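Right, one structure below, let's go through it.
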Amino acid sequence: MDCIFCKIVAGQIPSDILYTDDKVIAFRDINPMAPVHLLIIPRLHVTSLNDMTEAQVPLIGYIIYVAKLLAERQGIAEKGYRVVVNCGRDGGQVVQHLHIHLLGGRGLINGLG
Ligand code: 5GP
Ligand code: ZN
């Protein structure tokens, strides 16, 4: 499968991985929009939120939990942060492997950009 994030999971494309376990990996976004900009993804290929099944509720919940853990480790938990899932063309999804953005380290009150 020609999926860039599956290649990152497989170690075929280098990335700055900050967290890994049997279910998820987290790495720095190559084009950060904030001082802290991490992507947290399931090892399992799920194309987008549109393809999430009810059986994957624990997995996606776990990904949000890992976002919380990483926010603490990155020192942004107290000031706050944003967790974003882009879905589909109008949602701005560019990479077709479900991922959660963790953004922080600056004020995001007025949007992501
Ligand atoms: P999307 O717009 O699909 O929600 O976000 C995809 C994100 O993946 C973008 O913020 C983009 O910068 C990031 N990205 C795309 N290709 C790579 C890559 O090869 N490595 C890393 N670390 N991030 C990537
Ligand atoms: Zn994939």
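Whatever order the structure lists ligands and atoms in, that order sets their numbers, starting from 1. Keep in mind that what you see is a predicted model, and the values were worked out from it rather than measured.
Under the 4.0 angstrom criterion for non-hydrogen atoms, H99 is in contact with ligand 1. No heavy atom of I13 sits closer than 4.0 Å to any atom of ligand 1. Under a 4.0 angstrom heavy-atom cut-off, H101 registers as being in contact with ligand 1.
A distance of 8.0 Å separates OG of S15 from CD1 of I41, quoted to the nearest 0.5 Å. The structure places CD1 of I25 at 10.5 Å from CD1 of I63, a figure rounded to the nearest 0.5 Å. For the atom pair CG of L69 and CG of L18, the computed distance is 12.5 Å after rounding to the nearest 0.5 Å.
Using a distance-only test at 3.5 Å, with no hydrogens or angles considered, no donor-acceptor pair links the side chain of R82 to the main chain of H101. In this structure, Q56 contributes its side chain and P58 its backbone to no donor-acceptor pair below 3.5 Å. No donor-acceptor pair under 3.5 Å is formed between the side chain of Q74 and the backbone N or O of G105.
Here the heavy atom of the protein found nearest to atom 15 (C) of ligand 1 is V95 CG2, 3.9 Å. Looking at atom 16 (N) of ligand 1, its nearest protein heavy atom turns out to be I4 CD1, 4.1 Å. Shortest contact from atom 24 (C) of ligand 1 to any protein heavy atom: I30 CG2, 3.5 Å. For atom 9 (C) of ligand 1, the closest non-hydrogen atom on the protein side is D29 OD2, 3.3 Å. Protein heavy atom in closest approach to atom 22 (N) of ligand 1: R28 O, 2.9 Å. Looking at atom 2 (O) of ligand 1, its nearest protein heavy atom turns out to be G92 O, 2.8 Å.
The proximity of D16 to ligand 1, defined as any non-hydrogen pair under 4.0 Å, does not occur for either the backbone or the side chain. When heavy-atom distances to ligand 1 are checked against a 4.0 Å cut-off, N86 comes that close only through its side chain, counted from C-beta outward. Proximity of V84 to ligand 1, defined as any heavy-atom pair under 4.0 Å, is not found for any part of the residue.
The Zn ion (ligand 2) lies closest to atom ND1 when only the N/O/S atoms of H97 are considered.
What you find for H37 and P32 is that their closest heavy atoms are ND1-CA, 3.5 Å.
Here C3 contributes SG and H45 contributes ND1, and at the Zn ion (ligand 2) these two atoms make an angle of 110°, given to 10°.
The local environment of CD in E78 is sparse, with at most 12 non-hydrogen atoms from other residues, nucleotides or ligands closer than 6.0 Å. Within 6.0 Å of NZ in K23 there are more than 12 heavy atoms belonging to other residues, nucleotides or ligands.
A continuous path of ILVMFWY side-chain contacts below 4.5 Å connects I100 to Y81, so both sit in one hydrophobic cluster. Residue L98 is grouped with residue L44 when hydrophobic side chains (ILVMFWY) are merged at heavy-atom distances under 4.5 angstrom, including chains of intermediate members.
Within the listing of ligand 1, atoms 12 (O) sit less than 4.0 angstrom from a heavy atom of N31. The atoms of ligand 1 that sit less than 4.0 Å from any heavy atom of V94 are 1 (P), 2 (O), 3 (O). Close approach of ligand 1 to F5 is summarised as follows: ligand atoms under 4.0 Å from at least one heavy atom of the residue are 8 (O). Atoms of ligand 1 lying under 4.0 Å from at least one heavy atom of F27, given by number and element, are 21 (C), 22 (N). Within the listing of ligand 1, atoms 20 (N) sit less than 4.0 angstrom from a heavy atom of I8.
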What's the verdict on ring pair (Phe, Tyr, Trp, His ring centres under 6.0 Å) for H97 and H99, showing C-alpha distance, side-chain angles and the deciding distance?
-> CA-CA 6 Å; H97 180 131; H99 52 280; 7.9 Å; no

